[in-house]
Structure formats: C-alpha cells, structure tokens
Amino acid sequence: MNQVKIIDEAVRLVAEGVCVTLPVGGRSMLPFIIGGKESVILQQATQPGVGDVVLAWVEQRRYVLHRIIRIENQEVTLMGDGNLQGVEHCQLGDIRALATHVLDSRGRRHDLYSPRRMRAVRLWLRLRPVRRYLLAIYRLFHHSMTNNF
C-alpha cells in the first residue's frame, strides 16, 4: 500500500472518531518531531488553532503534517518547525486531523501541547531568523549521537 493510501485510510478512521498512530517521515518538523524515528497520534481536529500541529491537505495535491502559524477567516497558513522558509496554505476544511502526541523510538508518549513544549515552540518561532544555524547544529549533534550507539 502506498503512502497516500495509508494516509487516506488514517484520515478516514480519524473522521470516524478513531485515534490513529501514523509514522512521520521527513525533517520538516525538526526538532519537535523526528521523521523516520517517531510517530504521531492523530485525532479529529474540532477547532484547530494557531500553534496546533495538523495533518492537512494542501494545494489540492498533498498531505503535510505542519504547525498552524496563522488563521484568517477560513484561510490557514502552515509551516514545518524545521522549515527555514516557505509556507503552505489550505482552508480550515482541509485540516484532516490534529496531532496530539508524539511516540518516540522507545514507544514513550509525549504530549505535543504540554506547557514546557509550548514554551519551547514559542521560543523556536521567535528564533526563525537563526533557525538555519540551530538546525545545522542539531543535525550534527543528532547524527553524531546516533552513530555512536
């Protein structure tokens, strides 16, 4: 089963009220969600808001798991935490699910909206001008740590 069909099935289940665990790929949500190593728990997004991590159908052609950075009327602007620039746009109705937790490589569950994590997210958003350097340091550190074990 290809990736889009898996995500379509996850979206169908979430719409029926089922919480779904979905593996995450890519680096766009670094440092808060590590693609290829972590999964997210998805549920229905009843009232998505700024700061939420959502699964959305963007540009009428693909799914992204990114953070909402702005909502104006029905227009939603999304950006991955690990992205240096570039945003995606969708309508509120294109938000398919809310990510509530991250499951790390050991299966431990972490709340995406704990006060500590949200303070870190707010700081990270303010650090956008120097994100390039912070992500480079993070990747170097993370790469050296994973290769030493």
Side-chain angles (χ1 to χ4, degrees), residues 1-128 131 134-135 138-139 141-143 145-147 149:
M1 191 182 279
N2 73 28
Q3 186 178 10
V4 172
K5 286 183 181 179
I6 291 169
I7 296 173
D8 283 339
E9 182 63 11
V11 166
R12 184 186 69 75
L13 289 168
V14 166
E16 292 178 4
V18 177
C19 287
V20 175
T21 301
L22 188 69
V24 177
R27 297 175 158 189
S28 69
M29 286 303 289
L30 285 175
F32 298 105
I33 302 172
I34 303 169
K37 295 188 180 207
E38 295 181 327
S39 298
V40 291
I41 297 175
L42 302 173
Q43 69 178 34
Q44 287 179 328
T46 54
Q47 290 186 312
V50 172
D52 288 350
V53 176
V54 296
L55 179 68
W57 180 249
V58 298
E59 300 159 5
Q60 299 299 313
R61 64 182 179 95
R62 64 188 172 106
Y63 288 106
V64 297
L65 182 78
H66 284 169
R67 191 175 304 279
I68 297 174
I69 61 170
R70 184 178 317 119
I71 299 176
E72 292 180 19
N73 299 318
Q74 294 295 307
E75 178 81 14
V76 179
T77 304
L78 305 156
M79 183 177 200
D81 292 336
N83 291 355
L84 301 174
Q85 57 186 356
V87 295
E88 293 90 10
H89 300 279
C90 69
Q91 299 297 306
L92 273 173
D94 295 324
I95 293 174
R96 304 293 195 245
L98 171 72
T100 60
H101 295 82
V102 173
L103 293 176
D104 66 23
S105 58
R106 295 182 183 162
R108 293 178 299 193
R109 187 174 164 146
H110 304 277
D111 182 359
L112 278 171
Y113 307 103
S114 69
R116 180 176 177 221
R117 189 176 285 253
M118 290 310 294
R119 281 191 303 274
V121 166
R122 284 190 296 275
L123 175 61
W124 185 249
L125 291 173
R126 285 195 303 266
L127 293 173
R128 194 179 304 167
R131 215 183 254 185
L134 297 172
L135 284 168
Y138 173 84
R139 288 180 180 133
F141 177 75
H142 184 71
H143 180 72
M145 292 299 289
T146 55
N147 286 337
F149 293 103

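Hydrogens, waters and symmetry mates are skipped; everything else that's a heavy atom, side chains included, is used. Quantities reported herein were computed from a predicted structural model and do not represent experimental measurements.
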Taking C-beta and beyond as the side chain, do [X] and [Y] meet within less than 4.5 Å on heavy atoms?
X      : Y     : value
Asp94  : Gln60 : yes
Leu22  : Ile6  : yes
Leu135 : Leu30 : yes
Val40  : Val53 : no
Glu9   : Lys5  : no

Looking at [atom1] of [X] and [atom2] of [Y], how far apart are the two atoms once the value is rounded to the nearest 0.5 Å?
X      : Y      : atom1 : atom2 : result
Met79  : His89  : CE    : NE2   : 10.5 Å
Ile69  : Leu78  : CD1   : CG    : 7.5 Å
Glu38  : Met29  : CD    : CE    : 10.5 Å
Tyr113 : His101 : OH    : NE2   : 9.5 Å
Gln47  : Leu92  : CD    : CG    : 10.5 Å

Heavy-atom closest contact ([X] atom, [Y] atom, distance):
X     : Y     : answer
Arg96 : Tyr63 : CG-CE2, 3.9 Å
Val64 : Val58 : CG2-CG1, 3.8 Å
Ala97 : Ala45 : C-CB, 3.9 Å
Ile71 : Gly49 : CD1-CA, 3.9 Å

Where the side chain of [X] meets the backbone of [Y], is there a donor-acceptor pair that is under 3.5 Å apart?
X      : Y      : result
Asn73  : Glu75  : no
Gln44  : Ala15  : yes
Arg67  : Gly51  : yes
Arg131 : Gln85  : no
Asp104 : Arg106 : yes

Go through the steps to decide whether Ile41 and Leu103 satisfy the test side-chain contact (heavy atoms from CB on, under 4.5 Å), and finish with yes or no. CA-CA 8 Å; Ile41 297 175; Leu103 293 176; 4.3 Å; yes
Can you spot which of Ile68, Val76, Leu98 makes a side-chain contact (heavy atoms from CB on, under 4.5 Å) with Pro48?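 Filter result, single survivor: Ile68.
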side-chain contact (heavy atoms from CB on, under 4.5 Å), that's the test. Do Val102 and Phe32 meet it? Break it down for me. CA-CA 9 Å; Val102 173; Phe32 298 105; over 6 Å; no
Test side-chain contact (heavy atoms from CB on, under 4.5 Å) on Leu42 and Leu13 and set out the steps. CA-CA 10 Å; Leu42 302 173; Leu13 289 168; over 6 Å; no
In sequence, state the C-alpha distance, the side-chain angles, and the governing distance for Arg12 and Glu16, and then conclude on salt bridge (charged side-chain N to carboxylate O under 4.0 Å, His left out). CA-CA 6 Å; Arg12 184 186 69 75; Glu16 292 178 4; 2.6 Å; yes
Does the side-chain contact (heavy atoms from CB on, under 4.5 Å) test come out yes or no for Arg119 and Leu123, once each step is laid out? CA-CA 6 Å; Arg119 281 191 303 274; Leu123 175 61; over 6 Å; no
